[in-house]
Amino acid sequence: MPELPEVETIVRNLRAPCVGQRIERATVKWKRHVAMPGAAQFIRRIAGQTVLGITRRGKYLVFQLSEDVLLIHLKMSGDLTVVSAATPPDKHAHTVFHFGNGHELRFSDTRKFGRVYLARRADDVTGSLGPEPLDDSFTAQSLAYILQSRRRALKPLLLDQTVIAGVGNIYADESLHRARLHPLRLSHTLAAAEARALWRSLRYTLNQAIRNQGSSIDRVYRQGQHQYHFRAYDRAGQPCPACGAAIRRIVVGGRGTHYCPHCQRL
DNA sequence: AGCGTCACCCGGACGC
DNA sequence: TGCGTCCGGGTGACGC
């Protein structure tokens, strides 16, 4: 569930308690949590490294350490918290980083989809990701070019991390609704004004969600408020905020997809 | 290139 | 109440 706005919020919250801390050791309770390198090597290599900074790339958290880069993908149900080592253990905390100051960073993940990576460079893991939609370099023209250079339905295209990084099911539906574009519309058929509308709605939707500290659904991610601002996502049968028509739910590429049949014509 | 399908997981919803 | 079953969702692998 955590998409770009949720990951961005977590990154901002983790900086104060993590940056400058030395990782004395890591505990891996579930070895498959470590995607790269093997769990044993991960534990050996990370010990003694200091957290120099935390950034985000797509849906990955990127911890710059003194020697390596630690990347964490939360997938569906992952969450990261910094607590005192005295805090009662969490049965879903499959990987724990023990800091020198008596606190620990816990990667808690009920559904066990999330993964941690230790690499020399972030690119070793995130190299295939598409552009960051909120970067200054991601212009309306860049999006128009992406849309023109493929012939693909908008919904799966927005979800493809190698095309644009960080957009998931919620913000794909919300952006398409705001841009008044049908999720099955083929990318290369968009007029310049429509591509610009999608660019604007993507940036607006993501920025607004970051301002609301992301969306909390499925009890997975708790701090967000953006779920109260959904216009289409998870609102099947409820009125479209723009026209009042009932929001419809279809399945596109196996993913639940919500849109307004009146505002978003094919 | 793009699409469909499966696998990975488990909590929650649903049906009986 | 309790049990069995299904679903969802991010992504990578794989086949068409």
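Everything numeric in this text was worked out from a predicted model, so none of it was measured. Each chain gets a letter, A, B and so on, in the order the sequences are listed, and its residues count up from 1.
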Please report, rounded to the nearest Å, how far the P atom of dG2(B) is from the CG atom of Leu158(A).
14 Å
Any side-chain donor-acceptor pair under 3.5 Å between Ser77(A) and Asp109(A)?
yes
Would you call Asp68(A)-Arg120(A) a salt bridge at under 4.0 Å N-O?
yes
Axis bend over the full length of the helix from dG2(B)-dC16(C) to dC16(B)-dG2(C), computed from five pairs that close each end, to 10 degrees:
50°
Take the protein atom NE2 of His92(A) and the nucleotide atom P of dG11(B), then report the distance between them rounded to whole Å.
5 Å
For a quick test of reading the model: is some side-chain N or O of Arg111(A) closer than 4.0 Å to OP1 or OP2 of dC8(B)?
no
Could you work out which one of dC3(B), dC9(B), dG12(C) sits closest to the side chain of Tyr60(A)?
dG12(C)
If I take atom NE2 in residue His94(A) and atom P in nucleotide dC10(B), what distance separates them, rounded to the nearest angstrom?
7 Å
Of the listed nucleotides (dG9(C), dG2(B), dT11(C)), which one gets closest to any side-chain atom of Arg249(A)?
dG9(C)
Lys75(A) has an atom NZ; how far is it from atom C1' of dG12(C), in whole Å?
8 Å
With sugar-phosphate meaning primed atoms plus P, OP1 and OP2, does Tyr233(A) contact a base, only sugar-phosphate, or nothing at under 4.0 Å between heavy atoms?
sugar-phosphate
Side chain of Asn169(A), heavy atoms from C-beta onward: which of dC8(B), dG9(C), dG2(B) has the nearest atom to it?
dG9(C)
Is Lys112(A) near enough to dC10(B) that one of its side-chain N or O atoms lies under 4.0 angstrom from OP1 or OP2?
yes
Assess, by modelled atom type and distance only, whether the side chains of Tyr171(A) and Ser215(A) contain a donor and an acceptor separated by less than 3.5 Å.
yes
Over 60° means perpendicular and under 30° means parallel, so tell me whether His94(A) and His33(A) are parallel, tilted or perpendicular.
perpendicular
By the 4.0 Å heavy-atom rule, please label Gly254(A) as base, sugar-phosphate, or nothing.
nothing
Separation of Leu4(A) atom CG from dG9(C) atom P, in whole Å?
19 Å
Once you apply a heavy-atom cut-off of 4.0 Å, does His33(A) come out as touching a base, just sugar-phosphate, or nothing?
nothing
Separation of Leu186(A) atom CG from dG2(B) atom P, in whole Å?
11 Å
Which whole-number value in Å describes the distance from Gln161(A) CD to dG12(C) P?
8 Å
Report yes if a side-chain nitrogen or oxygen of Lys59(A) is closer than 4.0 Å to either non-bridging phosphate oxygen (OP1 or OP2) of dT11(C); otherwise report no.
yes
Distance from Asp123(A) atom CG to Arg57(A) atom CZ, nearest 0.5 Å?
8.0 Å
dA7(B) C1' sits how many Å from Phe113(A) CZ, rounded?
8 Å
Between Gln41(A) and Arg44(A), is any side-chain donor less than 3.5 angstrom from a side-chain acceptor?
no
Looking only at side chains, do His73(A) and Arg115(A) share a donor and an acceptor under 3.5 Å apart?
no
